[in-house]
Participant: 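Okay, handing you the structure first.
Chain letters run A, B, ... following the sequence lines, proteins first, then strands; residues in each count from 1.
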Protein chains: 2
Amino acid sequence: MEDFGDVLVWLAVVIQRRYAEICGEHDLTPAQAQLLCSIKDRPLRMAELAGSLGMAKNALSQLVDRIERRGLVQRDSPEIDRRVIVLAVTPEGKKIAEALYADVSRRLPDIADNLEPDLRQTLRTAAVQITNRYIPRLADGSTGMLTPATNAAEKR
Amino acid sequence: MEDFGDVLVWLAVVIQRRYAEICGEHDLTPAQAQLLCSIKDRPLRMAELAGSLGMAKNALSQLVDRIERRGLVQRDSPEIDRRVIVLAVTPEGKKIAEALYADVSRRLPDIADNLEPDLRQTLRTAAVQITNRYIPRLADGSTGMLTPATNAAEKR
DNA sequence: TATTAGTAGTTCATGCCGTGAACTTCCGCA
DNA sequence: TGCGGAAGTTCACGGCATGAACTACTAATA
């Protein structure tokens, strides 16, 4: 008779705890880890990144400050428009991002270890459908335009 | 071809965002909300609560400070052992906790709205199994003893 | 009984994270 | 030329978590 809403919250807690644990082993906080993984394969502008991570621009700016201070990330300003900042990983940052991502891939699904294989598979499907709906995904060859709809961080 | 680990993390993000949103409407942060709901039906000692929420005692102490300052919660010390603090909701706190809980129950599952009914049901089952494994649940007539195993906050 | 060890909880300093408000710099346009 | 808006930043503030040191109390020991 567990309530669905309640159990979803606790599920999120379990996932976040394990994620934070793995991030910690790579000396990263969850927020830093998500930022790093978001740009590990392609640089992004601050505004894109903010939309993609669902955070305000100013919060992102400060998050980038902290990661840049550690040399994992690099701000760059294109000639064409000097207002924008394009954020890219440094070689060091890329190494860490990839190690972390691989670790998350390998070890985070452990939480579903004791589930029946098909239950596990269905969980995966459900998770994919939900995230596809709520998380704005950048296509690989993205132009940088985000679909503003379905973004959880809209203002009222 | 979404990676399972990755998609689980984003699922957690979706859930937490929605949860934070609902909590915000009741003027609570997620941490405050979880604390309040943990004791809305039965008082708990600080140490139990810390174990139940998976946080350190000192963090809990400060969290309680903030909620107590708002009059939602009350510290009490039993005669039998003056060291322990039993935490209970005030009438006001209980009212808020119940309104919040009902709201979470009703509106958080919205994130799974567009799933097929049986997929939705399976998600529920999977979530229940995972949380049962990783979240130490206090039985209703609990003696206060937590099973120390499977607690994510153990020390090495 | 007096000492000691351990338990329950708190306090403090520090750092990360997010918010709202005000700000700078720069582009585009009239 | 000058103005509106876009992209980022800065600041002050509060919530949250951690490690280390601390108080108050109980329980075990001698």
Participant: Of the options B:V14, B:L115, B:N114, which is the one that meets A:R133 in a side-chain contact (heavy atoms from CB on, under 4.5 Å)?
Facilitator: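 Passing option: B:N114.
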Participant: Under 6.0 Å from the CD atom of B:E116, do we count more than 12 heavy atoms belonging to anything else shown?
Facilitator: no
Participant: To the nearest 0.5 Å, how far apart are CD in B:Q34 and OG in B:S52?
Facilitator: 9.0 Å
Participant: Using a heavy-atom distance cut-off of less than 4.0 Å, which residues of residues 29-40 of chain A contact DNA chain D?
Facilitator: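 Contacts with DNA chain D under 4.0 Å: none.
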Participant: Name the pairs: protein N/O against N/O of nucleotides 3-9 of chain D, kept only if under 3.5 Å.
Facilitator:
residue, atom, partner, partner atom, Å
D:dG5, N2, A:R83, NH1, 3.3
D:dA6, N3, A:R83, NH1, 3.4
D:dG8, OP1, A:M46, N, 3.4
D:dG8, OP1, A:I85, N, 3.0
D:dG8, OP1, A:I85, O, 3.3
D:dG8, OP2, A:A47, N, 2.9
D:dG8, N7, A:K57, NZ, 3.0
D:dT9, OP1, A:R75, NE, 2.7
D:dT9, OP1, A:R75, NH2, 3.2
D:dT9, OP2, A:S61, OG, 2.7
D:dT9, OP2, A:R75, NH2, 3.4
D:dT9, O5', A:S61, OG, 3.2

Participant: Please determine if A:K94 and A:E98 form a salt bridge, counting it only when a charged side-chain N lies under 4.0 Å from a carboxylate O.
Facilitator: yes
Participant: Should the pair A:R107-A:E21 be classified as a salt bridge under the 4.0 Å nitrogen-to-oxygen rule?
Facilitator: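 No, no charged N to carboxylate O under 4.0 Å.
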Participant: Indicate yes or no: does B:R75 engage B:D65 in a salt bridge with an N to O separation below 4.0 Å.
Facilitator: yes
Participant: Round to the nearest Å and state the distance from B:R70 atom CZ to D:dG15 atom C1'.
Facilitator: 12 Å
Participant: Could you tell me whether a side-chain N or O of B:D110 sits under 3.5 Å from a main-chain N or O of B:D113, the two making a donor and an acceptor?
Facilitator: no
Participant: Under 4.0 Å between a side-chain N/O of B:R82 and OP1 or OP2 of D:dT26, yes or no?
Facilitator: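 Checking D:dT26 against B:R82, no side-chain N or O comes under 4.0 Å of OP1 or OP2.
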Participant: Any non-hydrogen side-chain atom of A:V86 less than 4.5 Å from a side-chain atom of A:S77?
Facilitator: no
Participant: Take atom CZ of A:R66 and atom P of D:dA17, then tell me their distance rounded to the nearest Å.
Facilitator: 16 Å
Participant: With rounding to the nearest 0.5 Å, note down the distance linking CG in B:L72 to CD1 in B:I67.
Facilitator: 7.0 Å
Participant: Count the heavy atoms belonging to other residues, nucleotides or ligands that lie under 6.0 Å from CZ of B:R82, then report whether that count exceeds 12.
Facilitator: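 No, because the 6.0 Å sphere around CZ of B:R82 holds 12 heavy atoms or fewer from other groups.
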Participant: Considering only heavy atoms of chain B and a distance under 4.0 Å, specify the first and last nucleotide of DNA chain C in 5' to 3' order that meet this criterion.
Facilitator: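 The contacted stretch runs from C:dG6 to C:dA13.
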